[in-house]
A.B. asks: 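Pasting a structure below so you can have a look.
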Number of protein chains: 2
Amino acid sequence: MHSSAQHLQSVVRRQIVTGGREPGARISEVALAAEFDVSRTPARTALASLEAEGLIEKREGRGYTIRSISKADISNAIAVRAALESLAAKTLAETGMSDAVEATLLSSISTTESILESDTPVQELLDGYHAANVIFHETIMLKCGNDLIAHTFERIAMLPLAKLGSLVFDTTNPRRERMRLMVGHSQHVILLDALRQRDGARAEAMMREHSHATLNYADLFVRKVYENGTRTTGGGKS
Amino acid sequence: MHSSAQHLQSVVRRQIVTGGREPGARISEVALAAEFDVSRTPARTALASLEAEGLIEKREGRGYTIRSISKADISNAIAVRAALESLAAKTLAETGMSDAVEATLLSSISTTESILESDTPVQELLDGYHAANVIFHETIMLKCGNDLIAHTFERIAMLPLAKLGSLVFDTTNPRRERMRLMVGHSQHVILLDALRQRDGARAEAMMREHSHATLNYADLFVRKVYENGTRTTGGGKS
DNA sequence: TGGCTCAAAAATGGATACAAAAAGAGGCTG
DNA sequence: CAGCCTCTTTTTGTATCCATTTTTGAGCCA
């Protein structure tokens, strides 16, 4: 069921996100088609989709270029995500969540809690926390009752947020990072409580604060990465 | 410079938005290509773009269908728009607006003020108010300093918002409508003041309230339209 | 030597041809 | 009569092919 075009799209997306393609570099239909040994048709489809995702830009009459991401782009993306996510939290609180949703959120929280209590090596801790964190956020976004929120989130600016996911952890200071994860975890706990009590305003405010913490942290991190030219890897976002 | 695909896209979009195509109706590459006497290539491109805009849905193996819009869809669209717009207002307030932006907003407010003070026929009043209102909102969205907001807004769910624009005015009660426009105008005035003082929280709260008024009104209106089957025309949204 | 023009090459947009997969219809069989 | 199987039609994905536009480069002229 993986069409040629979709395969191309996901491969090139991964290349862009992981830095395999230089920002500002040009991509043309023919070059891409030749590179993957397919015809121009799937290459064209893939490029159109990637442009819709915001990973590449179309230059009139001169093909596409890989978008280069600035600090401002990342801040903007986080701000928009925060707005959408806090709306989702508010909506979910006001309409009430299903038992299945509550179970999922609780499960995510249990996972992060046990991870933070244990003394597993740092990298495993990070991966586990990251996975549970993604589930928590995606559940709220996707199951909040406003499908347009998820629809919107899915098709905007994959690039800044994807970059973010791979950047946001400072392995040089694990102790501080662990503290940060604990703060995030506690915010999840509060969020779940607000959702249970169907307190829309509180859920919204808490989610906003939660996202804002990400923003501040990301800003700090982006400065570090962009100015020093070093790159730190590891999973985990807010 | 009007490519075949773009032309197709805009024509079909207009057809969908104005009701020229029945919600739920199927639309296929071949049918569209035959109808406009072009090949499948631009038809495919146009359909893909329309799907990204949320105007049509892809049914696996069974072409596309025109999306049918529910009350919930419209409420969802307004909620998302409110979230994005209040973020834009906050951002613009915090970063400070340029003189050009301030002049544009002031001009829009002057226009609505003079319209509300005059005794022109109702329809003219509506058209003028509507135009000035659109300028006010678009200026804030587009010039707020976060380009992703406008980018996001442009490519999500054209349908519910477009429908909204043509629905939101009750010509059977002009007096009450005039009062409503005055409330909207006063909110614009307050908003401009908050922007001038660079009070992000106040601008955000005011814009949220402003959008929320639209939501309540639209809800009332959608009920009327959908339950009575009647349709009221006229420009003007909150 | 520098600028201009024209031509060759490349790239994009659109048209069509071809193949494969899926949905529908209709008949066949238990 | 019901369920299943098959054949046809529709739809979709991909490969080329043609035309238009753009770029680039070489050669010519001032």
Side-chain angles (χ1 to χ4, degrees), chain A residues 1-16 20-68 151 154-155 158-159, chain B residues 1-16 20-68 151 154-155 158-159:
Chain A
M1 183 43 89
H2 55 291
S3 74
S4 227
Q6 287 175 332
H7 179 242
L8 251 160
Q9 183 182 346
S10 71
V11 169
V12 175
R13 175 170 40 210
R14 180 174 303 273
Q15 288 179 342
I16 295 175
R21 286 186 187 267
E22 210 64 27
R26 290 211 293 269
I27 295 192
S28 72
E29 279 180 29
V30 276
L32 194 61
E35 188 179 333
F36 286 83
D37 196 38
V38 292
S39 80
R40 277 179 52 210
T41 309
R44 174 186 295 187
T45 306
L47 287 176
S49 300
L50 289 169
E51 196 220 355
E53 285 180 0
L55 277 80
I56 59 180
E57 278 179 337
K58 182 165 194 159
R59 312 260 286 213
E60 266 322 305
R62 192 58 182 171
Y64 297 86
T65 57
I66 310 294
R67 258 192 68 191
S68 53
H151 178 269
E154 274 168 15
R155 60 191 66 205
M158 308 290 294
L159 189 54
Chain B
M1 183 46 84
H2 54 291
S3 77
S4 226
Q6 288 176 332
H7 180 242
L8 256 175
Q9 182 183 347
S10 70
V11 169
V12 174
R13 174 170 40 211
R14 180 174 301 273
Q15 288 178 342
I16 295 174
R21 288 186 187 262
E22 209 65 26
R26 288 212 297 270
I27 186 170
S28 73
E29 277 180 32
V30 275
L32 192 63
E35 188 178 334
F36 286 83
D37 197 37
V38 292
S39 79
R40 275 179 54 210
T41 308
R44 164 182 298 212
T45 307
L47 288 175
S49 300
L50 289 169
E51 196 218 355
E53 285 179 1
L55 277 79
I56 59 180
E57 279 177 337
K58 182 165 193 158
R59 312 261 282 211
E60 268 320 307
R62 196 63 183 166
Y64 295 87
T65 58
I66 311 294
R67 258 192 68 191
S68 53
H151 178 269
E154 274 168 14
R155 62 187 64 198
M158 309 290 294
L159 191 52

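Naming: A, B, ... by sequence-line order, numbering from 1 per chain.
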A.B. asks: Is the shortest side-chain heavy-atom distance between A:F36 and A:V11 below 4.5 Å?
C.D. replies: yes

A.B. asks: Below 4.0 angstrom, which residues in residues 25-47 of chain A have at least one non-hydrogen atom near DNA chain D?
C.D. replies: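 Under 4.0 Å from DNA chain D: A:V38, A:S39, A:R40, A:T41, A:P42.
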
A.B. asks: Nearest-Å distance, CZ (A:R59) to C1' (D:dT21)?
C.D. replies: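 Atom-to-atom, A:R59 to D:dT21, this comes out as 18 Å.
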
A.B. asks: Would you say a side-chain N or O of A:K58 is under 4.0 Å from OP1 or OP2 of C:dG13?
C.D. replies: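 For A:K58, the contact criterion (side-chain N or O under 4.0 Å from OP1 or OP2 of C:dG13) is met.
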
A.B. asks: Only one of B:L55, B:L47, B:I27 clears side-chain contact (heavy atoms from CB on, under 4.5 Å) with B:V12; which?
C.D. replies: B:I27

A.B. asks: Identify, with sequence neighbours excluded, every residue that meets side-chain contact (heavy atoms from CB on, under 4.5 Å) alongside A:S4.
C.D. replies: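 For A:S4, the residues satisfying side-chain contact (heavy atoms from CB on, under 4.5 Å) (neighbours in sequence not counted) are A:V38, A:P42.
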
A.B. asks: Using five pairs at either end of the helix from C:dT1-D:dA30 to C:dG30-D:dC1, determine the angle between the two local helix axes and round it to 10 degrees.
C.D. replies: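 Between the first-five-pair axis and the last-five-pair axis there is 10°.
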
A.B. asks: Hey, does the side chain of B:R67 reach the backbone of B:G54 with a donor-acceptor pair shorter than 3.5 angstrom?
C.D. replies: yes

A.B. asks: Once you round to the nearest 0.5 Å, how far does CG of A:L32 lie from CG of A:D37?
C.D. replies: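 A:L32 CG to A:D37 CG: 12.0 Å, rounded to 0.5 Å.
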
A.B. asks: Could you tell me which non-hydrogen atom of A:R26 sits nearest to which non-hydrogen atom of A:T65, and how far apart they are?
C.D. replies: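 Nearest heavy atoms, A:R26 then A:T65: CG-CG2, 3.8 Å.
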
A.B. asks: Do B:E22 and B:I66 come close enough that some side-chain heavy atom pair is under 4.5 Å?
C.D. replies: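 They are not in side-chain contact.
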
A.B. asks: C:dT12 C1' sits how many Å from B:Q6 CD, rounded?
C.D. replies: 13 Å

A.B. asks: Which heavy-atom pair separates B:S39 from B:A33 by the least distance, and what is that distance?
C.D. replies: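 What the structure gives for the nearest pair is O-CB, 3.5 Å.
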
